[in-house]
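Report on the following structure.
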Protein chains: 2
Amino acid sequence: MGASKVYIFSDQINEIAQFAKVFAHPARIAIIKFISEQEGCICNDIVEEIGLSQATISQHLTVIGNIGLLKGTFEGKKKCYCLNVERYNEIRMQLDSFFKKTTLNCC
Amino acid sequence: MGASKVYIFSDQINEIAQFAKVFAHPARIAIIKFISEQEGCICNDIVEEIGLSQATISQHLTVIGNIGLLKGTFEGKKKCYCLNVERYNEIRMQLDSFFKKTTLNCC
DNA sequence: ACGTAATATTGCAATATTACGATGATGTAT
DNA sequence: ATACATCATCGTAATATTGCAATATTACGT
């Protein structure tokens, strides 16, 4: 017990849950929002902006990156993060398609 | 440590995270999907359909209901669940509006 | 009132997540 | 080479989540 019984659900359902999990923490939403608002990309500024430790921010960035939402390019020692807009829209579409299907034939 | 530092984020961001959290478990997605597919409403069939214990399903239903997504009406001893489509669309819009804003001015 | 069916709640064990300090790796400047 | 800055990873403590058995609770039929 304690662990989600992922294996009893379809791939499609698990994938949607996986996406939602990324957005299920305010820090990650704030990070995504902040990154998207910067003209160029950013780096360690996220730490100051959000107010969590560098280690914690780095962890959250990994989670966000794991579903392909980030482009991170090093410029010297600084890493500049940027949204992968194509992937972002892909996920957005997939979520919205689930929402649409769900509302269709409801009582 | 261990707990999310909710208080350092804006209400709007925390709300979106709250919504996402509900969808961040495959069982809850499966439940929502199943409910929406039923002609009339349903009840204890969810337990058989999903394959988790009655206690666990009941818990998940509470989480889904806590953000106003369920209309549950008793018909005798049976409780028939139904999607609150208005609320559902409201949440859908709010999520999508965040997505839209985020992709606007990206590098 | 009693037994049964349907759902909710409680208590607990297993696991996951969040957060941070410390450490490591890499790059820049002096 | 040394010092510093940036970011990732490891280890660990605190807390949250998941899942179930056991136990309520509620409604129905007899």
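Letters A, B, ... are given to chains in the order of the sequence lines, protein chains preceding strands, and every chain is numbered from 1.
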Over how many whole Å does the gap from [X] atom [atom1] to [N] atom [atom2] extend?
| X | N | atom1 | atom2 | result |
| --- | --- | --- | --- | --- |
| A:I50 | C:dT18 | CD1 | P | 14 Å |
| B:K21 | C:dA16 | NZ | P | 17 Å |
| B:I57 | C:dT9 | CD1 | C1' | 16 Å |
| B:E75 | C:dA5 | CD | C1' | 16 Å |
| A:I42 | D:dA5 | CD1 | C1' | 17 Å |
| A:F23 | C:dT18 | CZ | P | 14 Å |
| A:H60 | C:dT18 | NE2 | C1' | 6 Å |
| A:Y7 | C:dT15 | OH | P | 12 Å |

Exercise for the section: Compare every heavy atom of B:V22 with every heavy atom of B:V63, then report the nearest pair and how far apart it is. Expected result: O-CG2, 4.0 Å
Problem - Reported CD1-to-OH distance for the pair A:I64 and A:Y81, which is rounded to 0.5 angstrom - result: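 A:I64 atom CD1 to A:Y81 atom OH measures 9.5 Å (nearest 0.5 Å).
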Practice task
By nearest nucleotide on DNA chain C, pick out whichever of A:A27 and B:C43 is the more 5' one.
Solution key: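 First, find each residue's nearest nucleotide; the 5'-ward one identifies B:C43.
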Exercise for the section: Could you pick out which residue, A:A55 or B:N44, lies toward the 5' side of DNA chain C when each is mapped onto its nearest nucleotide? Expected result: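 Between the two, 5'-proximity favours B:N44.
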Exercise for the section: From the options C:dT18, C:dC20, C:dA6, select the nucleotide whose nearest atom is closest to the side chain of B:K77. Expected result: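 Given the options C:dT18, C:dC20, C:dA6, the side chain of B:K77 is closest to C:dA6.
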Handout entry: Nearest listed nucleotide, side chain of B:T62, among C:dA16, D:dT15, C:dT9
Key = C:dT9
Do the non-hydrogen side-chain atoms of [X] and [Y] ever get within less than 4.5 Å of each other?
| X | Y | answer |
| --- | --- | --- |
| B:L83 | B:K71 | no |
| A:T73 | A:K79 | no |
| A:F23 | A:K21 | no |

Practice task
Answer yes or no: side-chain N or O of A:Q59 and base N or O of D:dA8 forming a donor-acceptor pair under 3.5 Å.
Solution key: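 No, the side chain and the base share no sub-3.5 Å donor-acceptor pair.
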Problem - Polar side-chain contact A:Q54-D:dA8 base: donor and acceptor under 3.5 Å - result: yes
Exercise for the section: Identify, between A:S4 and A:K78, the residue whose nearest nucleotide on DNA chain D lies closer to the 5' end. Expected result: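 Between the two, 5'-proximity favours A:K78.
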Are [X] and [N] close enough that a side-chain N or O sits under 4.0 Å from OP1 or OP2?
| X | N | value |
| --- | --- | --- |
| A:K5 | D:dC20 | yes |
| A:T56 | C:dC20 | yes |
| B:Y81 | C:dA8 | yes |
| A:S53 | C:dC20 | yes |
| A:H25 | D:dA16 | no |

Practice task
Before accepting this row, confirm whether a basic side-chain N of the pair B:E75/B:K78 lies closer than 4.0 Å to the acidic partner's carboxylate O.
Solution key: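 Between B:K78 and B:E75 there is no salt bridge, as every charged N stays at least 4.0 Å from the carboxylate O atoms.
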Handout entry: Touch class at under 4.0 angstrom, heavy-atom based, for B:S58 against every strand present
Key =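 Here B:S58 touches the bases of the nucleic acid.
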